[in-house]
Amino acid sequence: MLPKIYFLLFLLIGTLTCDEGVSDDDSYEEIEVSADGESRRGKLLWSYHPLLELVMKVSGNSFIYKGNGDFFNFIRDSYPLPNGRTSPLPEYDFVIVGAGSAGSALASRLTENRNVTVLLVEAGKPEMLLTDIPAMAPYFQATDYTWQYYMEPQPGVCMGMENERCFWPRGRAVGGSSVVNYMIYTRGRPQDWDRIAADGNYGWSYNEVLQYYMKSEKASLDGLENNPYRNKEGVMPVEFVPKRTKLIKAFLEAGKILGHPTTDYNSPHELGFGYVQTTTTHGHRQSSAKVFLHKHKKRRNLHILPETTATKVLIDPQTKTAYGIEFVHNRKVYTARVRKEVILSAGPIASPQLLMLSGIGPKDHLTSLGIPVVQDLPVGRTLYDHICFPAAIFTLNTTNVSFKESRALNLKTIIDWLRDGDNDLSSPGGVEGIGYIKTPVSDDPEPVPDIELISIGGSIVVDGGPGGSKAVRKGMRITDAVFNEVLGAIDNSDTWSAFPMLLHPKSVGYLELKDANPFSHPRMYGNYLTDPRDVATFVASIRHLQAMAATEPFQKFGAQVHRGRYPKCRDTPFDSDAYWECAVRTFTATLHHQIATCRMGPAGDPRAVVDPELRVHGVNKLRVVDSSVIPRTVSAHTHAPAVMIGEKAADMIKKTWGLLKS
Ligand SMILES: Cc1cc2nc3c(=O)[nH]c(=O)nc-3n(C[C@H](O)[C@H](O)[C@H](O)COP(=O)(O)OP(=O)(O)OC[C@H]3O[C@@H](n4cnc5c(N)ncnc54)[C@H](O)[C@@H]3O)c2cc1C
Ligand SMILES: *[C@@H]1O[C@H](CO)[C@@H](O)[C@H](O)[C@H]1NC(C)=O
Ligand SMILES: *[C@@H]1O[C@H](CO)[C@@H](O)[C@H](O)[C@H]1NC(C)=O
Ligand SMILES: *[C@@H]1O[C@H](CO)[C@@H](O)[C@H](O)[C@H]1NC(C)=O
């Protein structure tokens with residue numbers, strides 16, 4: 001506590017003496033990554049907020065794994081090898097690639113048995129003090145805590161984003177995307193998982209996955225103490241966000257008026273609206289790393305290598321058996337062998353990429369890139385994502401009701417937050433509530449929602465104005481020109497918005513390799529809104545928001561839908577369906593829930609990559625354990641599902657190798 005405050009004082013002095021506007025040269029860091037003689041130059045931007053910028057700069061270039069002389073170690077977590085080891089072993093029982101939501105949980109559970117050795121390799125760095133601040137969530141999307149992926153150009157979506165391309169940042173850290181995400185905790189509806197099981201995925205019905213959701217969970221949710229679906233004894237904290245604006249009350253009240261009860265939306269029988277539940281403790285982020293790895297650093301059998309990138313799974317082509325991985329650390333290539341299994345937990349983009357680089361994927365595609373084929377499988381051929389529309393914004397006639405960055409982020413609030421965790425900084429990017437609705441255009445025969453509404457104590461204009469970081473719009477890669485034209489008139493004013501998120505898109509995307517270089521990004525095709533039903537669902541959700549805004553709880557604040565002047569929508573009359581379609585096509589924002597690229601399905605399923613025990617079809621000793629295996633869209637943000645997958649996989653793997661305590 002005390003050293004942290006000194007550090008913050010130092011920061012304050014730093015920010016005061018530093019020029020506010022950092023010169024272009026300073027805000028870029030060029031890194032060079034090379035492998036196989038190939039090289040790529042990455043440009044990393046960290047120029048959003050003076051505080052963040054400074055910390056990134058002073059602590060950005062350390063190699064935790066190698067040294068212990070990093071002055072800023074006390075604000076950055078570290079994972080030295082246990083027992084003073086300086087290098088990893090040549091062989092482990094298991095090697096796990098990726099310390100994300102799923103991989104961290106899996107590594108932790110497997111090493112509960114001290115006879116089992118695990119090597120966990122992670123491309124990113126450990127988290128640090130600022131990543132713990134929920135309100136800073138939007139700031140990390142352009143730092144080296146994320147992979148800066150872009151979707152391939154698709155005409156007619158993301159029209160207001162830079163170069164009209166959709167930006168797909170993903171976490172790159174010990175803790176993976178759970179270090180940069182919005183911490184929203186959701187499990188999905190029972191029907192989602194029951195349908196997955198009905199496709200032949202034994203063990204994945206709602207009741208079966210529920211025990212794994214509950215196994216992780218350490219709920220501290222006021223009013224839900226006796227709820228039989230919530231566990232208070234697990235390891236992963238889930239709580240209500242301590243700080244709220246008046247707008248969340250209005251959201252819940254308006255919901256009730258329109259027939260949506262305030263419920264625990266994570267309980268199976270209850271569909272409705274509620275305060276957002278987050279993976280935080282007293283307003284501090286609890287990433288998968290903090291929950292599953294941080295406490296177990298001293299386990300002799302768990303070796304964690306940050307800043308280490310796996311480049312290939314080593315597979316014997318004759319026996320089709322995985323026997324290790326190749327990885328790059330500090331520009332050197334190493335191998336690690338396994339006695340038992342290789343497990344890919346590199347997430348929905350990198351897991352399929354690694355499979356394909358290792359010869360597992362669509363035969364013609366691999367052949368065209370000169371990659372010898374080990375197993376012909378539809379890797380990457382299915383890709384679903386959750387997109388939202390962040391600009392259904394309602395202006396208010398009342399001041400000081402919404403969050404304001406200008407009011408929130410300063411030295412005093414950071415110190416208060418460190419001590420009590422209950423001020424504006426505890427808010428996950430302003431998210432206060434979520435609500436599930438089934439719009440009139442849904443064709444689902446069961447009570448499965450088609451839209452999640454994410455209520456914000458404000459909107460994407462909260463960080464604007466003079467001196468504002470504009471982190472949210474920058475994180476979404478919205479261009480200044482389009483932002484100013486559509487939202488300039490209400491920038492930094494008091495507003496309410498809710499992002500409608502399309503839960504079950506009918507449009508399906510895919511991804512493939514760009515080339516055989518492991519440091520290239522794959523080519524990702526979202527195919528957003530290619531099915532007209534997805535557009536209709538968005539329009540219906542905006543109508544629902546307008547109906548909410550028209551109720552008394554919002555009219556008290558004089559809520560009025562903002563009339564944006566969308567540059568590409570000038571021919572559409574304001575508030576027509578066509579206007580809203582065009583608006584959605586201008587601001588098409590991913591919620592970063594890409595799934596299904598290593599789809600799970602039983603043998604004989606032509607779209608399946610892994611079987612219901614997550615073993616790669618036709619290859620021995622190789623599994624995929626992360627959100628890429630989720631075969632169908634689920635009514636959930638995907639962090640808790642990924643953790644659940646890690647928990648469930650740990651038991652399946654222990655069972656395979658006789659490691660389950662009876
Ligand atoms: C900005 C953002 C906001 C989000 N908000 C929410 C939210 O509020 N609630 C929610 O439930 N979900 C949210 N999500 C989604 C959720 O965080 C992810 O779906 C989930 O974390 C995925 O878990 P995973 O284990 O599949 O992959 P990840 O957590 O992404 O982990 C994969 C890890 O593998 C590493 N890796 C990749 N390639 C290699 C390699 N070659 N070698 C070594 N390591 C490698 C990566 O660096 C990463 O750390 C958000 C995601 C993002 C990016
Ligand atoms: C670990 O291995 C030893 C020696 O093989 C064995 O006696 C012991 O029971 C094992 N422990 C566990 C938890 O499996
Ligand atoms: C709004 O908050 C600001 C800053 O705290 C304050 O100066 C102002 O008087 C407030 N306005 C109203 C109408 O309460
Ligand atoms: C805002 O508008 C509503 C509805 O018109 C009105 O009742 C309320 O008094 C207004 N509030 C302010 C502060 O003007």
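Atoms within each ligand, like the ligands themselves, are counted from 1 in listed order.
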Could you tell me whether K556 and E253 make a salt bridge, using a distance below 4.0 angstrom between a side-chain N and a carboxylate O?
-> no
Note: R473-D463 ion pair, threshold 4.0 Å (strictly below) = yes
Specify the protein heavy atom at minimum distance from [atom]: its residue, its atom name, and the distance to 0.1 Å.
atom	value
atom 6 (C) of ligand 1	N181 CB, 3.4 Å
atom 44 (N) of ligand 1	A123 N, 3.1 Å
atom 19 (O) of ligand 1	T638 OG1, 2.6 Å
atom 8 (O) of ligand 1	I184 N, 2.9 Å
atom 30 (O) of ligand 1	S177 OG, 2.8 Å
atom 47 (O) of ligand 1	E122 OE2, 2.7 Å
atom 5 (N) of ligand 1	Y182 N, 3.0 Å
atom 15 (C) of ligand 1	H592 O, 3.5 Å

W496 ring center within less than 6.0 Å of F557 ring center | no
Does only the side chain of [X] get under 4.0 Å from ligand 1, or the backbone, or both, or neither? Count heavy atoms.
X	answer
P518	neither
W147	side chain
P428	neither
A642	side chain

Assess the side chains of Y528 and D385: does a donor N or O sit below 3.5 Å from an acceptor N or O?
-> yes
Which ligand 1 atoms are under 4.0 Å away from a heavy-atom of [X]?
X	answer
S345	32 (C), 33 (C), 34 (O)
G176	29 (O), 31 (O), 48 (C), 49 (O)
G171	46 (C), 47 (O), 48 (C), 49 (O)
P169	53 (C)
A350	37 (C), 38 (N)
V97	40 (C), 42 (N), 43 (C)
V180	1 (C)
T308	42 (N), 43 (C)

Let me know which protein residues bring a heavy atom to under 4.0 Å of ligand 4; chain then number is fine for ordering.
-> N397, Q555, K556, G558
If you compare S178, A99, S101, A346 by their heavy atoms, the one closest to atom 32 (C) of ligand 1 turns out to be A346
Does NZ or CZ of K125 fall inside the cone over Y145's six-membered ring, less than 6.0 Å from its centre and within 45° of the axis?
-> no
Fit a plane to each ring of Y150 and F167, take the angle between them on a 0 to 90° scale, and name the class: parallel (under 30°), tilted (30 to 60°) or perpendicular (over 60°).
-> tilted
